[in-house]
Amino acid sequence: MKLTPKQIEVVNCVRNDDPKILLLSGAKRAGKTHVAILLFLSHIAQYYGEGLSFIIGGATHASIRRNILNDTETIIGKELKLDKTNAVEIFGNKVYVFDGANADSWKKVRGFTAAGAFLNEGTALHDSFVKEVISRCSYKGARIIIDTNPENPAHTVKKDYIDKDGQRLSNGRLNIKAFHFTLYDNVFLDPEYVESIIASTPSGMFTDRDINGLWVAPEGVIYKDFNRNKHFISKGQIPTSRIEKYFCGVDWGYDHPGAIVVVGMDDEGRLYLVEEHAERHQEIDYWVDVAKGIKARYGNINFYCDSARPEHVIRFRREGLRAINADKAVISGIEEIGRLFKRDSLFVVDEAKRFEEEIYLYVWNEKTGEPIKLWDDVLDALRYAIYTHLKPKARRTG
Ligand SMILES: Nc1ncnc2c1ncn2[C@@H]1O[C@H](COP(=O)(O)OP(=O)(O)OP(=O)(O)O)[C@@H](O)[C@H]1O
Ligand SMILES: [Mg+2]
């Protein structure tokens, strides 16, 4: 079986230094899970036929199936069907599968004695689950393998394990060994694919984490790839005749401005914010009028709405407007908008004054890893519109 140089480095370390806890953190698609599965299988094989217990932990049963069991089946050439106890037999041992994302997940592994564990996507697991699994691996020679993408440097996976890289037990055994992966470490990826990923990953935090595999806090302006010289266009520059589809995003507000934006998509998938409506201290009747005006100009198009005010969404529907609850996943939505600016595929009409104010004031809160909610009204409306509209397509291709 061929391995990348980085994976060989990890395998050699396991062979020579025998770490109890092995952490593989870094970029997406870097080859972490692949080598983690191989090492976990070879660890189980060392106890061939002994009927011991092992643990696989992941965020959900679906993610464990997708990320681990499917590839494991290919490697060992055997179908892995979970039995009633959520276990599979591998090399004459029992491997128990647990979902570990919730605060009470740890209770499921109470009382266990395991000879090893593989925890996939460590930062998606609850800290108490990670710690319980590690304490359950009490059998002699047990090994815990954790793979993960990086997150905030304050995350417990980073603070409690990665930062203790090199720690030894009193008997001299290496307790913790951490490896850092970048996208470039996976030499088996098609160079064209790597290039396209780099070209479409937003600058700043997303590039630092997803490409370079670094544990960085987000900082500064959120949409770092917005460039007013390229992305602001005059009304006359909008290629109206090529626009095939219009849709809207709606962010309700009263003390903060409420906002409706109209977005057009052209025949090559480029997007244009063509109309911005942002007003403070307006009641729902006002917004119904604005939306009806949009419907009169563009037809019966979708309004992707902030679901925080269901009574407003219902009112829109009663008025004959196609109001749909938006997908409000913050980080994924920001990543999508950031990707569009990076690829020069999103343009904004220069009449959008509130957008112009917000775009440079929309900044990360370094502590929470979320945006500071002060200057986000038009930007939220834009995110709801585009992320919700593009998502079904992303699902089909991804
Ligand atoms: N040694 C290898 N030989 C062949 N294919 C490999 C090898 N290592 C990794 N791959 C393939 O590269 C892709 C990415 O690898 P993998 O899933 O291990 O990355 P990852 O670091 O876990 O990524 P993510 O953070 O997105 O989960 C997968 O399709 C995997 O099968
Ligand atoms: Mg993985």
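Ligands are counted one by one from 1 in listed order, and the atoms in each one are counted from 1 as well. Everything numeric here is computed off the predicted structure, so don't read it as measured data.
With respect to atom 30 (C) of ligand 1, the closest heavy atom belonging to the protein is H34 ND1, 4.4 Å. What sits closest to atom 8 (N) of ligand 1 on the protein, heavy atoms only, is Q7 NE2, 3.0 Å. At the top of the distance list for atom 19 (O) of ligand 1, counting protein heavy atoms only, stands G31 N, 3.0 Å. For atom 22 (O) of ligand 1, the closest non-hydrogen atom on the protein side is T33 OG1, 2.6 Å. The nearest heavy-atom contact from the protein to atom 26 (O) of ligand 1 is R29 N, 3.0 Å. Annotation: atom 25 (O) of ligand 1 to nearest protein heavy atom, K32 NZ, 2.7 Å.
Under 4.0 angstrom from ligand 1, the non-hydrogen atoms of A27 all belong to its backbone. Contacts with ligand 1 closer than 4.0 Å are made by no heavy atom of V35, backbone or side chain. Residue-level proximity to ligand 1 for N149 is carried by the side chain, the only part with a heavy atom below 4.0 angstrom.
Contact atoms of ligand 1 toward A30: 19 (O), 20 (P), 21 (O), 23 (O) (distance under 4.0 Å to a heavy atom of the residue). Within the listing of ligand 1, atoms 27 (O) sit less than 4.0 angstrom from a heavy atom of E121. Ligand 1 places these atoms under 4.0 Å from at least one heavy atom of K2: 1 (N), 2 (C), 3 (N). Short contacts between ligand 1 and F188, defined as distances under 4.0 Å to a heavy atom of the residue, involve ligand atoms 1 (N), 2 (C), 3 (N), 4 (C), 7 (C).
Residues V349 and V290 fall within the same hydrophobic cluster, defined by Ile, Leu, Val, Met, Phe, Trp and Tyr side chains chained together at heavy-atom separations under 4.5 Å.
The shortest non-hydrogen separation linking F316 to W287 is CZ-O, 3.7 Å. For the pair N300 and G320, the tightest heavy-atom approach, listed with the atom from each and the gap, is OD1-O, 4.0 Å.
Below 30°, between 30° and 60°, or above 60°: for Y223 and Y362 the angle between ring planes is between 30° and 60°, a tilted geometry. Between H43 and Y47, the ring planes lie perpendicular to each other; the angle is over 60°, past the 30° to 60° tilted range. The aromatic rings of H389 and F247 lie parallel to each other, with less than 30° between the two planes, well short of the 60° mark.
Around atom NZ of K131, more than 12 heavy atoms belonging to other residues, nucleotides or ligands sit under 6.0 Å away. No more than 12 heavy atoms of other residues, nucleotides or ligands lie within 6.0 Å of CD in E195, so this atom counts as exposed by the packing criterion.
T33 lies close to the Mg ion (ligand 2), since one of its N, O or S atoms is found at a distance under 2.8 Å.
Looking at T4, N120, L24, N186, it is N186 that brings a heavy atom closest to atom 12 (O) of ligand 1.
Tested against T33, the residues T148, N67, D147 include a single side chain to side chain donor-acceptor pair (under 3.5 Å) partner, D147.
Using a 4.0 Å threshold on non-hydrogen atoms, atom 28 (C) of ligand 1 does not count as touching the protein.
By the 3.5 Å distance cut-off applied to N or O atoms, D71 is not counted among the residues near ligand 1.
Taking the six-membered ring wherever Trp is involved, the centroid distance between the rings of F226 and F341 falls below 6.0 Å.
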- Item | Steps toward side-chain contact (heavy atoms from CB on, under 4.5 Å) verdict (F54, K94) | CA-CA 6 Å; F54 294 81; K94 275 253 166 132; over 6 Å; no
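Between F181 and ligand 1 there is no heavy-atom distance shorter than 4.0 Å.
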